[in-house]
2 protein chains.
Amino acid sequence: MKIQGISTQTLRRLPYYLNYLVSNETESGGYISAAAVAAALNLNEVQVRKDLATVCQTRGVPKKGFFVGDLIEGIRDCLGQNNVNDAILVGAGNLGRALLSYKGFEQYGLNIVAAFDLKEGTANGKKIFALSKLSDIISRLNIKIAVITVPAESAQSVCDILTRNGILAIWNFAPAHLKVPYGVLVQNENMASSLAVLSNHLKSEMDKKL
Amino acid sequence: MKIQGISTQTLRRLPYYLNYLVSNETESGGYISAAAVAAALNLNEVQVRKDLATVCQTRGVPKKGFFVGDLIEGIRDCLGQNNVNDAILVGAGNLGRALLSYKGFEQYGLNIVAAFDLKEGTANGKKIFALSKLSDIISRLNIKIAVITVPAESAQSVCDILTRNGILAIWNFAPAHLKVPYGVLVQNENMASSLAVLSNHLKSEMDKKL
DNA sequence: CTTTTATCGATATCGTTTTATCAATTATAC
DNA sequence: GTATAATTGATAAAACGATATCGATAAAAG
């Protein structure tokens, strides 16, 4: 299957397709058209067609659409949801603890196996390791994914430790732009950025009404 | 100030600038150049210059840069961080509770004043209201922002209730595309989408090494 | 006062993503 | 078997965002 060469934007839409396809699998009669998916998810039809064609092994059939089973399998393959990825989390503050207690990650293929903070402790019944043990544990467990939930000031230094020890993908919740070596991906999950967009929209909507 | 007509991407970068500018306000000597900010945040210089020029009242001064005070004020204005926005949260499952217990939102101008779920209860010492009271409370408190943390299946129906009652901005954590009336903004914060990007990157990096 | 130089602002170029268009294909109906 | 209609796949156009280039400006230095 074509795993590489999928645009980031397409990749971000795949979970939406998957969710819809799985929850409607039975009633779709085996095939579904790009137009139907687009209408359901409120997306552009051509965009959906291109996305689906990218991930689906089999071609779409005129007058019928794409075979739902192949679509689901193709998307799952691209997302790697069949093999759970082990990850570590650095920063056991408020947000870090909240994420640790969130049970929904495994469903998406992420398994947080260890958490770290400045000093040892426990949170939600899970052991928090001292930062000094970071390098050791990453390399021994051969971890490739890390979640960063430390304050912005320390994000880069934590990031440096991580990449030096072979981390390839970082899910960054700190409000800081991280510099990483080539080949390492940073996915920023900045609550503040999202709130920025929301809040600005709200403000201009309110202004309109004055 | 120019609140409307700011691109979404610029808007998402504003919190980064703000964070950097505030934490370096004293040592910057009053003025800072776009190049300096760009270097610190690992961004393109021209991009930063354009962004800063968009939000700053005063023009940048050759050989000096932008006046930091004006920058901070301009960004805060755009983000509406001076007036905390009251919000409600619907869905007190794992993720919802995690967000409720997260103390960092007010810092960014969001204040969750009430939470709702199918049935009443308490979480983290906060009262959870029954969904039936949603309409009433939204209109009485004149809430304009809502956070959705319900399962994908019920996201659209919750969303409909919200928009019917005057909600203008929705922060959607459910893996579902929401259809909203014109003028309502949905900001998707899909963990699954982010994980999709991370996981796919990891997969293709690992494939390279084989 | 003049020269130098850092910085901005504007314009142009480039690449990516989205959207539009249309011919090719094939199931379905007659 | 032929016509019809839905749907795809491919190509083109448009929109958007990021980056490069360069002249204009004003502070600083001589």
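Naming convention: chains lettered A, B, ... in sequence-line order (proteins, then strands); numbering from 1 in each chain. Below, each value reflects all heavy atoms present in this structure, side chains not excepted, and no hydrogens, waters or symmetry copies. Quick caveat, the model's predicted, so the values are computed rather than measured.
Between R164(A) and D160(A) there is no salt bridge, since none of the side-chain N atoms of the basic residue sits less than 4.0 Å from a carboxylate O of the acidic one.
In this structure, H177(B) and Y16(A) have tilted ring planes: the angle between them lies in the 30° to 60° band. Below 30°, between 30° and 60°, or above 60°: for F116(A) and F129(A) the angle between ring planes is between 30° and 60°, a tilted geometry.
Across the protein-nucleic acid pair, I6(A) atom CD1 and dT16(C) atom P stand 16 Å apart, rounded to whole Å. For Q9(A) and dT19(C), the CD to P distance is 11 Å, given to the nearest whole Å. In this structure, L43(B) places its CG atom 16 Å from P of dG17(D), rounding to the nearest Å. The distance between atom CZ of R13(A) and atom C1' of dT16(C), rounded to the nearest whole Å, is 12 Å. One atom, OH of Y31(A), and another, C1' of dT26(C), lie 12 Å apart when rounded to the nearest Å. The distance from atom CG of L52(B) to atom C1' of dG9(C) is 13 Å, rounded to the nearest whole Å.
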### Summary
5' to 3', nucleotides 6-16 of chain D under a 4.0 Å protein heavy-atom cut-off (B base, S sugar-phosphate only, - none) gives BBBBS------
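To the nearest 0.5 Å, the span separating CD1 on I138(A) from NZ on K133(A) amounts to 14.5 Å. Rounded to the nearest 0.5 angstrom, I148(B) CD1 and I170(B) CD1 are separated by 4.5 Å.
Side-chain polar atoms of S157(B) and S154(B) form no donor-acceptor pair below 3.5 angstrom.
Within 4.0 Å (heavy atoms only), R12(A) reaches no atom of the nucleic acid at all.
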